[in-house]
There are 2 protein chains.
Amino acid sequence: MTLRIGELAARAGLSPKTIRYYESLGLLPPPPRTPAGYRLYGSADEERLAFIARAKALGLSLAEIREVLDLHDAGTPPCDRVVAVLDRKLAMLDAQMRSLAARREALIALRRRAPARVGADGCICGIIELGVSAG
Amino acid sequence: MTLRIGELAARAGLSPKTIRYYESLGLLPPPPRTPAGYRLYGSADEERLAFIARAKALGLSLAEIREVLDLHDAGTPPCDRVVAVLDRKLAMLDAQMRSLAARREALIALRRRAPARVGADGCICGIIELGVSAG
DNA sequence: CTACCCCTTCCAGTGGGCTGGAAGGTCAAG
DNA sequence: CTTGACCTTCCAGCCCACTGGAAGGGGTAG
């Protein structure tokens, strides 16, 4: 159960570069090394990477994941923090979806009127240029 | 109707930096200069910036806007291209909204089960870690 | 003259999550 | 011995739309 970085990366579906990058961000503790300097990992690291993957899939940034991991490593159950982060994510997601929906409406309205605007005079492109009421 | 860059920027609601940046990207043609090298703009530039602002609000990237403007400057009505870009934007928007909606569902389900997962043993944080079926 | 604001150019940094590449060390197989 | 896969470090770049700052010139008011 001792892995070099390439093996760990393969199991986690990442590149060795990414593992080293995570270590540089403090997401993974500095692992023990062989005399030649090769990093050596165990199953705890694999689980940690699985946790990171799950948190990433939920939309947490690496900085947020690091915060949670730091709490855990300090012996504090990170769950309260996780709930707070999740709630914030949810609020941001809602806001983002609203703005996307608004843009989508604008785009669809424009798209519907586009044929009538093609070739409008005195402007760069009537589709974009003319006000919503026109057409 | 001759403006220096600061004046034009103020009218367009941009910074002089941004105007120069747009020029460097080819969104604005290189304007005439005073003997001292100051850029001089006219109402056509103001309209061009208004067009850019509108296109940006629709979600076009500066590269896409440049493409449209290049077509226009070459004497080709850009409307066909605009329609294609708009359609692509719409498809991307839909895909993005679907993925956001999926993440939102996952987040909400997780959030609902969170209390039962707090303090789960043998993992970093039960809220994130446990499978969807758990709880 | 100074003060002050505007203008010029060019270089560099922001954020996020990597990725590429150079230059070199290590280790097992053939 | 060589080959080749793997490892190490460090620096640099990607995307996007700017933004900051340095270093210097221009133009006008007092």
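The sequence lines fix the lettering, A, B, ..., with proteins before strands; numbering per chain opens at 1.
Rounding to whole angstrom units, CG of residue B:L40 and P of D:dG26 are separated by 15 Å. Here the P atom of nucleotide C:dT8 and the CD atom of B:E23 are 9 Å apart, to the nearest Å. Nucleotide C:dC18 holds its C1' atom 14 Å from the CD1 atom of A:I52, rounded to whole Å. Rounding to whole angstrom units, CZ of residue A:R33 and P of C:dC27 are separated by 14 Å. To the nearest angstrom, C1' of C:dC6 lies 13 Å from CZ of B:R39. Atom CG of A:L14 and atom P of C:dT19 are 9 Å apart (whole Å). The distance between atom CD1 of A:I19 and atom P of D:dC7, rounded to the nearest whole Å, is 10 Å. Residue B:I5 contributes atom CD1, which lies 20 Å from atom P of D:dG25 at whole-angstrom precision.
Among the atoms of the strands shown, none is found under 4.0 Å from any heavy atom of A:L25. At a threshold of 4.0 angstrom between heavy atoms, the contacts of B:R4 are confined to the sugar-phosphate backbone, with no base atom among them. Residue-level contact check: A:R20 touches the bases, meaning some heavy atom is under 4.0 Å from a base atom.
The nearest pair of heavy atoms linking A:E46 to A:L3 is OE1-CD1, 4.0 Å.
Side-chain N/O atoms of A:T18 include one lying less than 4.0 angstrom from OP1 or OP2 on C:dT19.
For B:Y38 against D:dG27, no side-chain N or O and base N or O form a donor-acceptor pair under 3.5 Å.
Both B:A36 and B:L62 sit near DNA chain D, but only B:L62 has its closest nucleotide nearer the 5' end. Each of A:Y21 and A:T34 has a nearest nucleotide on DNA chain C; the 5'-most of these lies closest to A:Y21.
When the side chains of ILVMFWY residues are joined at heavy-atom separations under 4.5 Å, either directly or via intervening members, B:L71 and B:V68 end up in two distinct hydrophobic clusters.
Classification of B:R11 and B:D45 as a salt-bridged pair fails, no side-chain N sitting under 4.0 Å from a carboxylate O. Comment: B:D70 engages B:R66 in a salt bridge, judged by a side-chain N to carboxylate O separation of less than 4.0 angstrom.
Each of A:F51, A:Y22, A:Y21 was checked for a side chain to side chain contact (heavy atoms under 4.5 Å, CB included) with A:L27, and the lone residue meeting it is A:Y22.
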